[in-house]
There are 2 protein chains.
Amino acid sequence: MTTKTPRTTKQRTAVLELLNEVNEFRTAQTLHQLLAERGDTIGLATVYRTLSRMAAAEEVDTLLNSDGETLYRRCSDGHHHHLVCVNCGKAEEISARAVEIWAQETAAEHGFTDIHHTVELAGRCRDCSASR
Amino acid sequence: MTTKTPRTTKQRTAVLELLNEVNEFRTAQTLHQLLAERGDTIGLATVYRTLSRMAAAEEVDTLLNSDGETLYRRCSDGHHHHLVCVNCGKAEEISARAVEIWAQETAAEHGFTDIHHTVELAGRCRDCSASR
DNA sequence: GTATGTGCAAATCGTTTGCAAGCCA
DNA sequence: TGGCTTGCAAACGATTTGCACATAC
């Protein structure tokens with residue numbers, strides 16, 4: 001399984017740089033707009049293509065918001081979950097050993113195999129709770 | 001807050017009946033097609049409107065699949081989670097006290113308030129695992 | 001040089017909405 | 001009757017795709 005490395009283009013570089021600075025989950029559209037604001041003229045389609053590829057390569061994490069939009073965020077390696085602020089979008093990674101174990105056990109009890117789970121916490125972060 | 005009861009129309013009745021028989025998560029489009037197959041001619045838009053309303057009234061549960069489509073399913077009351085088969089769509093409700101507690105604690109530790117969580121397990125059910 | 005990436009516009013596709021006509025209470 | 005519902009078609013909005021051109025390697 002030889003995964004071929006994508007070419008280094010100024011667009012791809014720009015997206016990577018942006019993701020390194022923005023540590024919250026953002027839609028592709030928002031990211032595209034942010035790129036435009038900092039002077040990088042990139043086609044929206046390219047942003048989508050780039051993000052999809054990065055997601056496939058697990059270089060970014062994705063999330064579906066309640067509107068069905070896909071949110072992207074640069075992420076550390078390994079399996080983890082998120083605690084996302086519904087107001088400002090700030091996200092923290094959290095590990096959840098307890099949940100991992102529970103998921104496996106529950107699935108096994110019901111005879112399920114090839115288990116995969118989704119666990120996301122959302123709420124108002126400290127700052128947004130204060131400035132309500 | 002007075003929630004007004006929707007009128008009883010043959011369309012609404014048909015959707016309700018169908019949901020009572022189909023106990024798996026299905027897309028609005030699929031449900032619409034199922035209605036057509038059993039002879040109920042209902043506009044797709046009406047199916048969407050009805051399902052949205054039922055979802056708002058918590059008469060059905062909704063789920064977003066990885067394609068961004070909304071899945072609907074008749075559901076028991078109260079807070080619970082699902083164990084869904086990725087192959088046949090069969091879903092079982094599971095309660096997860098352990099997860100509820102973990103969610104609250106984790107959120108509190110990070111200073112988050114108004115917490116709400118999403119926990120879904122997916123995999124292959126016993127039958128689908130066997131007939132692979 | 002050539003496979004790959006990009007931009008643009010058009011195409012998709014699930015879902016929503018406007019509006020006139022129909023139907024329940 | 002009078003307002004809530006429906007159907008149809010048009011509108012929407014996020015994402016994808018076709019294709020000609022540009023570019024990394």
Side-chain angles (χ1 to χ4, degrees), chain A residues 2-19 22 24-57 59-73 89, chain B residues 1-19 22 24-57 59-73 84 89:
Chain A
T2 23
T3 310
K4 66 183 91 170
T5 321
R7 288 184 180 169
T8 305
T9 65
K10 81 176 189 320
Q11 291 83 343
R12 190 176 181 80
T13 304
V15 172
L16 266 172
E17 280 182 3
L18 178 61
L19 287 174
V22 180
E24 280 91 58
F25 278 94
R26 289 287 138 83
T27 63
Q29 313 246 7
T30 302
L31 291 171
H32 173 246
Q33 189 181 318
L34 289 174
L35 285 168
E37 284 172 8
R38 48 155 70 192
D40 295 311
T41 314
I42 300 187
L44 178 56
T46 301
V47 174
Y48 274 109
R49 276 186 286 229
T50 304
L51 289 173
S52 303
R53 209 170 297 188
M54 294 175 86
E59 292 166 30
V60 295
D61 261 13
T62 64
L63 219 53
L64 276 179
N65 70 11
S66 49
D67 287 341
E69 297 172 320
T70 308
L71 305 178
Y72 300 86
R73 185 202 194 219
Chain B
M1 107 151 219
T2 25
T3 311
K4 66 184 91 173
T5 322
R7 287 183 181 169
T8 305
T9 64
K10 81 175 188 325
Q11 291 83 345
R12 192 178 180 77
T13 305
V15 172
L16 267 173
E17 279 180 3
L18 178 61
L19 287 174
V22 180
E24 280 92 59
F25 279 95
R26 290 287 138 84
T27 63
Q29 314 246 4
T30 302
L31 291 172
H32 174 246
Q33 189 181 318
L34 290 174
L35 285 168
E37 285 171 7
R38 47 153 72 190
D40 296 309
T41 315
I42 300 187
L44 177 56
T46 302
V47 174
Y48 273 110
R49 275 186 286 230
T50 305
L51 290 173
S52 303
R53 212 171 297 189
M54 295 174 88
E59 292 165 34
V60 295
D61 261 14
T62 63
L63 221 54
L64 277 177
N65 70 12
S66 50
D67 286 341
E69 296 172 321
T70 307
L71 306 177
Y72 300 86
R73 184 203 195 218
V84 187

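What you see below is based on every heavy atom in this structure, not just the backbone, and it leaves out hydrogens, waters and symmetry mates. In the text below, chain A, chain B and the rest are named by the order of the sequence lines, each starting its count at 1.
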Answer with base, sugar-phosphate or nothing: what part of the nucleic acid does B:T41 contact at a heavy-atom distance below 4.0 Å?
sugar-phosphate

Candidate pair B:D61 and B:Y72, rule side-chain contact (heavy atoms from CB on, under 4.5 Å), full reasoning:
CA-CA 6 Å; B:D61 261 14; B:Y72 300 86; over 6 Å; no

So, does B:T46 use its side chain to make a donor-acceptor pair with the main chain of B:I42 at under 3.5 Å?
no

Distance in angstrom units between B:L64 CG and C:dG14 C1', rounded:
12 Å

Phosphate oxygens OP1/OP2 of C:dT6: is one of them under 4.0 Å from a side-chain N or O of A:R12?
no

Which distance, rounded to the nearest 0.5 Å, do you find between the CD of B:Q33 and the CZ of B:R38?
13.5 Å

For the pair made of NZ in A:K10 and P in C:dG7, what is the distance, rounded to whole Å?
6 Å

Record whether the side chain of A:R7 comes under 3.5 Å of the base of C:dT4 through a donor-acceptor pair of N or O atoms.
yes

I'd like to know if the side chain of B:D67 reaches the main chain of B:E69, judged simply by a donor and an acceptor atom lying under 3.5 Å from each other, with no hydrogens or angles considered.
no

Just to confirm, is there a sub-4.0 Å distance from OP1 or OP2 of C:dT16 to any side-chain nitrogen or oxygen of B:Y48?
no

Presence of B:T9 side-chain N/O under 4.0 Å of C:dC24 phosphate oxygens OP1/OP2:
no

Taking the side chain of A:T70 as heavy atoms from C-beta outward, which of C:dT16, D:dT15, C:dG7 is closest to it?
D:dT15

Separation of A:N65 atom CG from D:dA14 atom C1', in whole Å?
11 Å

Side-chain donor or acceptor of A:R49 under 3.5 Å from a matching atom on the base of C:dG7?
yes

Whether B:T30 side chain and B:R26 backbone form a donor-acceptor pair below 3.5 Å
no

Heavy atoms only, 4.0 Å cut-off, all strands: where does B:T8 land among base, sugar-phosphate and nothing?
sugar-phosphate

What is the distance, rounded to the nearest whole Å, between atom CD of B:Q11 and atom C1' of D:dC8?
14 Å

To the nearest angstrom, how far is B:D40 atom CG from D:dG7 atom C1'?
15 Å

Measure from the side chain of B:A45, starting at C-beta and using heavy atoms only, and say which of C:dT15, D:dA9, C:dA9 lies closest.
D:dA9

Any A:T50 side-chain N or O less than 4.0 Å from OP1/OP2 of C:dG5
no

In whole angstrom, what separates A:L51's CG from D:dT15's C1'?
12 Å

Given C:dG7, D:dA14, D:dT6, the nucleotide with the shortest approach to the side chain of A:I42:
C:dG7

Nearest whole Å is fine: how far is D:dG13 P from A:H32 NE2?
17 Å

Both B:R53 and A:L71 contact DNA chain D. Which one's nearest nucleotide lies toward the 5' end?
B:R53

Spacing of A:Q29 atom CD relative to D:dT16 atom P, expressed in whole Å:
11 Å

